[in-house]
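Each remark here refers to the structure printed beneath this line.
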Amino acid sequence: MRTRGAAAACAFLALREVGIRGRDKMFSLLSRGAFASFGSRSVVQLPVRLRRPARIRIGEDVFVGAGSWLQVLEGGGDQVAISIGDGTSIAGDCVLSAASHIRLGSRVLLARNVYIADHMHAFSDPTTPVLDQGITRIGPIEIGDGAWLGQNVVVGPGVSIGVGAVIGANSVVLADVPAGAVAVGAPAQVVRVRTL
C-alpha cells in the first residue's frame, strides 16, 4: 500500500515528465524552420547539439533523444548532408557527423551512444596534433529501412547497411553489411542472415 508521500512523489514525477515532453515539443516546433525540412510529429529532445541544421532533413514521426549531436561540417554547398527517414528513432547520446552525406532510411532504430561519421580524423603527421590535421576518408553512409544498430555501435565512412540489418552492441562497422544480416564485433562480421 502506498503512503501519501509515495503518491505525491509519483505525481511529481508524472508532472515533471509532462513538462519535459512539452518543452521538447515546443523546441521542435520553434526550431523546425532552421532545418532543410522537419516532418510533423517529429521531436528533437533537449539537450541537443546542432551544427548547420539547414542541411539536415528530418522526416515524419522521427524521435531524436536527449544528448544527441547532429552536425554537418563545412563545405558541400547547400545540399542536404544528413537525412533521417520517417519513423526513425534515435535513443539518445548519438552522434551523426557528416562531411558528405549520411542517410538513415525509414523506421531505423539507433540505440544509445551510436556514432556515425562519414569521415575520419587525419593522423598521418606525428608532429602535428590530430585536431589540426583535418579529416580524411570521406565517404557517404547509407543505413537501410528498418535496420537496428545496438548500443555503442560505430559506423565508419563509406559504409552501407542494408534493409533490416541488425548490428550488435559495441560493434565497429567498417565494411558493407547486406540486407537482413546480423553483424557483430570489431570489426563487424556477418554471423547470420535473417529471412526478410
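Please read these numbers as outputs of a predicted model, since none were measured by experiment.
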Self-check item: CG/Asp78: more than 12 non-hydrogen atoms of other groups inside 6.0 Å
Solution: no
Quiz item: Got a sec: does the CZ of Arg21 have more than 12 other heavy atoms crowding it under 6.0 Å?
Solution: no
Practice problem: With rounding to the nearest 0.5 Å, note down the distance linking CZ in Arg52 to CD in Gln71. | Solution: 8.5 Å
Practice problem: Indicate yes or no: at least one non-hydrogen side-chain atom of Arg41 is less than 4.5 angstrom from one of Glu60. | Solution: yes
Quiz item: Between Val184 and Ile167, is any pair of side-chain heavy atoms under 4.5 Å apart?
Solution: no
Show the atom names and distances, to 0.1 Å, of all donor-acceptor pairs under 3.5 Å that link a side chain in residues 107-117 to residues at least two apart or in another chain.
unit_1	atom_1	unit_2	atom_2	d
Arg112	NH2	Asp93	OD2	2.4
Asn113	ND2	Asn152	OD1	2.6

Exercise. Return yes when atom CG of Leu131 has more than 12 non-hydrogen atoms of other residues, nucleotides or ligands closer than 6.0 Å, and no otherwise.
Key: no
Quiz item: If we only count heavy atoms from C-beta on, is the Ile143 to Leu149 side-chain gap below 4.5 Å?
Solution: yes
Quiz item: Which atom pair, heavy atoms only, marks the closest approach of Val159 to Gly156?
Solution: CG2-O, 3.3 Å
Self-check item: Student check: side-chain heavy atoms of Ser100 and His119 closer than 4.5 Å
Solution: no
Exercise. May I ask you to test the Arg49-Ser68 pair for a side-chain heavy-atom distance under 4.5 Å?
Key: no
Exercise. Determine whether Val72 and Arg51 make a side-chain contact, defined as any pair of heavy atoms from C-beta on separated by less than 4.5 Å.
Key: no
Exercise. State, with a plain yes or no, whether a side-chain heavy atom of Ile161 is found less than 4.5 Å away from one of Val173.
Key: yes
Quiz item: Is the shortest heavy-atom distance from the side chain of Arg57 to the side chain of Ile82 under 4.5 Å?
Solution: no
Quiz item: Hey, is CD on Glu17 packed in by over 12 heavy atoms from elsewhere, all under 6.0 Å?
Solution: yes
Quiz item: Going through the distances and angles, do Leu70 and Leu50 end up as a side-chain contact (heavy atoms from CB on, under 4.5 Å)?
Solution: CA-CA 5 Å; Leu70 309 179; Leu50 299 170; 4.1 Å; yes
Quiz item: Is there a donor-acceptor pair closer than 3.5 Å between any side-chain N or O of Gln45 and the backbone N or O of Phe63?
Solution: no
Exercise. May I ask whether Ile138 and Leu96 are part of the same hydrophobic cluster, defined by side-chain heavy atoms of I, L, V, M, F, W, Y residues being less than 4.5 angstrom apart, directly or through others?
Key: no
Quiz item: Which hydrophobic side chains are connected to Phe123, either touching it within the sub-4.5 Å cutoff or through other members that do?
Solution: Val130
Quiz item: When hydrophobic residues are tied together by side-chain contacts of less than 4.5 Å, even through go-betweens, does Leu46 share a cluster with Ile58?
Solution: yes
Quiz item: What is the distance from atom CZ of Arg55 to atom NE2 of His101, rounded to the nearest 0.5 Å?
Solution: 10.5 Å
Quiz prompt | Which residues share a ring-ring contact (aromatic ring centres under 6.0 Å, His included) with Phe35, sequence neighbours left out | solution = Phe38
